[in-house]
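Sequential numbering from 1 along the given sequence is applied to the chain's residues. In each ligand, atom 1 is the first atom listed, and ligand 1 is the first ligand listed.
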Amino acid sequence: MSSMLVRHASVLVSMDDHRREISDGGLFIRDGFIDQVAPTAELPQTADEILDLSGHLLLPGLINTHHHFYQTLTRVVPAAQNANLFNWLKTLFPIWARLRPEDIRLSTQTALAELALSGCTTASDHLYLFPNGSQLDDEILAARETGLRLHASRGSMSLGESQGGLPPDSVVEDEDIILKDSQRLIETYHDPNPGAMTQIVLAPCSPFSVTGDLMRQSASLAREYGVHLHTHLAETQDEESFCLQKFGYRPVAYMELLNWIGPDVWFAHSVHVNSQEMRLYGEAACGVAHCPTSNMRLASGIAPIQEMLQWGVKVGLGVDGSASNDGSNMLEEVRQAMLLARLNAALHGASLSGEDAPALMTARQALELATRGGAAVLGRTDLGSLEPGKCADFFAVRLNHLTFAGGLHDPLAALVFCSPVHAEYTVVGGKFVVKEGKLITLDRPRLIEQHNRAAKRLLNG
Ligand SMILES: [Zn+2]
């Protein structure tokens, strides 16, 4: 038995069912799970470890629902800086084909380090290329060293250029191998229990890079084992045209046909979805990973998040891969989600004044997407809020920042409206990943040096 007392947070943001915000709040933690959430005066006085958060804002750990860690090695590649999705992919595929197992390991740690410093405690990653002997195991083992929770998606691509797909034949895999490896990974690593550090997800890359048959077989394998399904969907207008031309269906209808609609499925993006499709998502309890920065970076469009929420769709946030963001900062993504939803309201509401003005996404709603929303999307009832029985996953930011000066009448809103700051503490399952602003599970200077060397090798070929 080990215990931890967290006390005197200026404001504790619970994100519980009542959305309680507790002044001078704290937590009492036992063995990695939350035992009590209350004003400090009502908590036990002692514990094995005590963390004083005077002058800090305390929140549930943020949950990232879409990423491609390996892309941290190919940020701002000149030829891909100003391209839309399909051209961006065609530029980067040959570079990614040079990835080695060591690159997967380094990029996993770099991305998770950035995420942890932005308050993230659980990340989903989508790895769909396995060149030169790389395996999802490389990512899982590297993530374990960082202390963050990982939902590792066994991605795949099987529809090469010669078969009418987008990726070059050199990076696609045989479907039998994909399915066998998926099964092996689930049996080796998937933990369905509360507090799980590792879960496996099956994730054929997108409608334009795998066959319908692989999507169907992945769905039945996932359901046999009770793991989640994930893919990119309705990201761009190009994808919609591709699906209509090649399959005769819009992307969402194509998913329905392949048995890919249900509470165990979440889609990255869903920018180009109509009201009927959003209603279907809501009724079937499908999730969406909203990636506002990536959607702007690749000029993909604006996902209608406010409307999705009205249809009862589960929505989480994703930073997406670092070749289309080009960062892994969850707090920045929360801010972008709020701002982009407001721009969308302006574009769809004739006027922003008067009774007819569309409701604007609030800072609290944006943070809800990154906490409760993300947990719902990943199917984690043990994450997403600070409540007794949930995992002790949280982060805290210092409030005496220049960034927040003049905004402390509402510290929670300041965290979203003002520029993103780094977490002072990030704790996963009661264990520190960031302490006093420093990463404690990784050697940051060494990681940066190795990462830059690997990136240079990849780009130079
Ligand atoms: Zn993506």
Only pairs under 3.5 Å count here: list side-chain donor-acceptor contacts from residues 252-262, not counting sequence neighbours, and write none if there are none.
| from | atom 1 | to | atom 2 | distance (Å) |
| --- | --- | --- | --- | --- |
| Trp260 | NE1 | Met215 | O | 2.7 |

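- Relative ring orientation between Phe86 and Phe242 is described as perpendicular, the plane-to-plane angle rising above 60° on a 0-90° scale split at 30° and 60°.
- A search for ring-ring contact (aromatic ring centres under 6.0 Å, His included) contacts involving Tyr281 returns Phe267, not counting sequence neighbours.
- Among residues two or more places apart in sequence or in another chain, the ring-ring contact (aromatic ring centres under 6.0 Å, His included) test is passed with His56 by Tyr425.
- Remark: the Tyr189 side chain and the Asp137 side chain contain an N/O donor-acceptor pair separated by less than 3.5 Å.
- The residues Arg100 and Asp138 are annotated as not salt-bridged, no charged nitrogen and carboxylate oxygen being separated by less than 4.0 angstrom.
- With a cut-off of 2.8 Å, the protein N/O/S atoms near the Zn ion (ligand 1) add up to 4.
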